[in-house]
S.K.: 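Pasting a structure below so you can have a look.
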Amino acid sequence: METVRVVKIGGNVVDHAEKLERFLGDFAGMGGKKVLVHGGGKIATSISQGLGIETRMIGGRRVTDAETLRIVTMVYAGLINKNIVAGLRGEGCHALGLCGVDGGLIRSRRRNPEPVDYGFVGDPVEFGLDTAVTLLDGGLVPVVAPITYDAEEGALLNTNADTVAQAVAVGLSARYAVELVYCFEKPGVLRDVADDSSVIPSIDPASYERLKAEGVVADGMLPKLENAFRAIEAGVQNVVICSAESLTCPGYGGTTLHQ
């Protein structure tokens, strides 16, 4: 079975021009079929502030009202996505920018407002495998922004980029052997967040529960790991969390998730 690598790049790297440039060069140099999923970084917040629109966060997650949805759509699916595609094109990579709406790539359902109403936020429910296969088999490299859609309501939805990467990886696993790589600013899951040398090389569900109970894994790492384990349970062959700088290293030098 042919392999596809789904790589997700975090917002902290997107915000850092030099790190992003290096990452795009490394990603462009990877052989084989591949997909890049990117987050939004701080640009949407900055633009919102400039327009006098309040950014509301609950538990570290953005509340997406109608005005915020307009901004994140313009920033994520427009400015950031096209800058990344331009950078990859400059590296000779046949990148194609799109979001979940295009070609029906990712259909979502608006999240239940109970117990917390996050507004126009979606959870993926369907993946457009035929669209993805057509692009990949045509030699293109999809670059996916985290904006999806609700077909029933005809509405755009803001969607967590880690979750989008997981949905893409799981959807592709029906046709390919899939490796999912979460790249961010740290070298992996750390036992001590202040010590970059404290990478935990591998985590299974039992050790994950222990690390959660001990408070070693917390905050933004929790949804990343939960998405990783859901991907493995749904048929993704390999999931790694690593530094953006180690994308070309053997085994990525980060944390491998397994059953």
Side-chain angles (χ1 to χ4, degrees), residues 3-14 23 35-40 57-62 106 108-109 111-112 115-116 118 121-125 127 144 146 159-174 176-247 249-259:
T3 297
V4 173
R5 279 183 280 192
V6 177
V7 179
K8 189 268 176 176
I9 185 66
N12 285 332
V13 179
V14 170
F23 169 82
V35 178
L36 179 60
V37 178
H38 63 81
M57 307 291 285
I58 300 176
R61 293 180 181 271
R62 185 188 300 272
I106 303 172
S108 293
R109 181 178 294 113
R111 187 172 298 168
N112 191 319
V116 179
Y118 286 101
V121 169
D123 296 310
V125 295
F127 178 71
V144 184
T159 303
N160 177 271
D162 287 344
T163 305
V164 168
Q166 180 244 355
V168 171
V170 170
L172 289 172
S173 67
Y176 307 98
V178 179
E179 181 173 65
L180 173 58
V181 184
Y182 286 108
C183 290
F184 71 140
E185 72 276 10
K186 294 292 184 178
V189 181
L190 303 178
R191 187 167 292 279
D192 178 356
V193 293
D195 181 4
D196 282 359
S197 68
S198 65
V199 176
I200 302 170
S202 67
I203 301 176
D204 61 17
S207 61
Y208 172 50
E209 293 301 323
R210 288 196 302 272
L211 292 167
K212 267 201 307 185
E214 295 167 1
V216 173
V217 174
D219 302 325
M221 187 55 69
L222 289 172
K224 199 178 296 288
L225 287 171
E226 287 166 2
N227 276 311
F229 283 118
R230 288 195 196 102
I232 293 170
E233 291 168 2
V236 174
Q237 290 199 339
N238 190 39
V239 181
V240 179
I241 297 175
C242 66
S243 165
E245 284 84 359
S246 63
L247 185 63
C249 297
Y252 308 108
T255 302
T256 299
L257 290 303
H258 59 89
Q259 291 283 39

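Keep in mind that this is a model prediction, so the values were computed, not measured.
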S.K.: Could you tell me which non-hydrogen atom of Lys8 sits nearest to which non-hydrogen atom of Ala161, and how far apart they are?
M.R.: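 Scanning both residues, the minimum pair turns out to be CE-CB, 3.6 Å.
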S.K.: With sequence neighbours excluded, tell me which residues meet side-chain hydrogen bond (donor to acceptor under 3.5 Å, both in side chains) with Thr159.
M.R.: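 If we apply the side-chain hydrogen bond (donor to acceptor under 3.5 Å, both in side chains) test to Thr159, skipping adjacent residues, the hits are Thr148.
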S.K.: Could I get the full list of salt bridge (charged side-chain N to carboxylate O under 4.0 Å, His left out) partners for Arg5, not counting sequence neighbours?
M.R.: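 In terms of salt bridge (charged side-chain N to carboxylate O under 4.0 Å, His left out), with neighbours along the sequence ignored, Arg5 is linked to no residue.
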S.K.: Locate the shortest heavy-atom distance separating Ala244 from Val13; write the atom from each residue and the value.
M.R.: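 Closest heavy-atom pair between Ala244 and Val13: CB-CG2, 3.9 Å.
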S.K.: Can you list every ring pair (Phe, Tyr, Trp, His ring centres under 6.0 Å) pair that touches residues 198-218, not counting sequence neighbours?
M.R.: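 Non-adjacent pairs meeting ring pair (Phe, Tyr, Trp, His ring centres under 6.0 Å): Tyr208-Phe229.
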S.K.: Do any pairs count as a salt bridge (Lys or Arg N to Asp or Glu O under 4.0 Å) and have a residue in residues 229-238, sequence neighbours left out, and if so which ones?
M.R.: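 Non-adjacent pairs meeting salt bridge (Lys or Arg N to Asp or Glu O under 4.0 Å): zero.
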S.K.: Taking all non-hydrogen atoms of both residues into account, name the closest pair between Ile200 and Val216 and its distance.
M.R.: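 Nearest pair, atom of Ile200 first, then Val216: CD1-CG1, 4.3 Å.
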S.K.: Taking side-chain hydrogen bond (donor to acceptor under 3.5 Å, both in side chains) as the definition, give me every residue that meets it alongside Ser207, ordered by chain and number, with sequence neighbours left out.
M.R.: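 Expected list: Asp204.
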S.K.: Could you pull out all residues at least two apart from Ala177 that satisfy side-chain contact (heavy atoms from CB on, under 4.5 Å)?
M.R.: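 With neighbours one apart ignored, the set is Met1, Thr3, Gln237.
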S.K.: Within a radius of less than 6.0 Å around CZ of Arg111, do more than 12 heavy atoms belonging to other residues, nucleotides or ligands occur?
M.R.: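 It does: Arg111 CZ has more than 12 such atoms within range.
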S.K.: Under the rule for side-chain contact (heavy atoms from CB on, under 4.5 Å), what residues qualify as partners of Val193, not counting sequence neighbours?
M.R.: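 Val193 satisfies side-chain contact (heavy atoms from CB on, under 4.5 Å) with no other residue.
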S.K.: What's the verdict on side chain to side chain donor-acceptor pair (under 3.5 Å) for Ser198 and Asp195, showing C-alpha distance, side-chain angles and the deciding distance?
M.R.: CA-CA 6 Å; Ser198 65; Asp195 181 4; 4.5 Å; no
S.K.: Looking at Thr163, Ile106, Val164, Val37, which hits side chain to side chain contact (heavy atoms under 4.5 Å, CB included) with Pro146?
M.R.: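 The side chain to side chain contact (heavy atoms under 4.5 Å, CB included) with Pro146 is passed solely by Val164 among Thr163, Ile106, Val164, Val37.
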S.K.: Work out which heavy atom in Ser173 is nearest to a heavy atom in Val236; give both atom names and the distance.
M.R.: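 Heavy atoms of Ser173 and Val236 come nearest at CB-N, 4.4 Å.
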S.K.: List the atom pairs, donor and acceptor, that lie under 3.5 Å between side-chain atoms in residues 178-189 and the rest of the protein, sequence neighbours left out.
M.R.:
| from | atom 1 | to | atom 2 | distance (Å) |
| --- | --- | --- | --- | --- |
| Glu179 | OE1 | Tyr252 | OH | 2.6 |
| Glu179 | OE2 | Asn238 | ND2 | 2.8 |
| Tyr182 | OH | Asp162 | O | 3.0 |
| Glu185 | OE1 | Asn12 | ND2 | 3.2 |
| Glu185 | OE2 | Asn12 | ND2 | 2.9 |
| Lys186 | NZ | Asp196 | OD1 | 3.4 |

S.K.: Name all residues meeting the side-chain hydrogen bond (donor to acceptor under 3.5 Å, both in side chains) criterion together with Ser246; count only those two or more places apart in sequence or in a different chain, and write none if there are none.
M.R.: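 If we apply the side-chain hydrogen bond (donor to acceptor under 3.5 Å, both in side chains) test to Ser246, skipping adjacent residues, there are no hits.
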S.K.: For Asn112, check side-chain contact (heavy atoms from CB on, under 4.5 Å) against everything at least two apart and list the hits.
M.R.: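 side-chain contact (heavy atoms from CB on, under 4.5 Å) list for Asn112, sorted by chain: Glu114.
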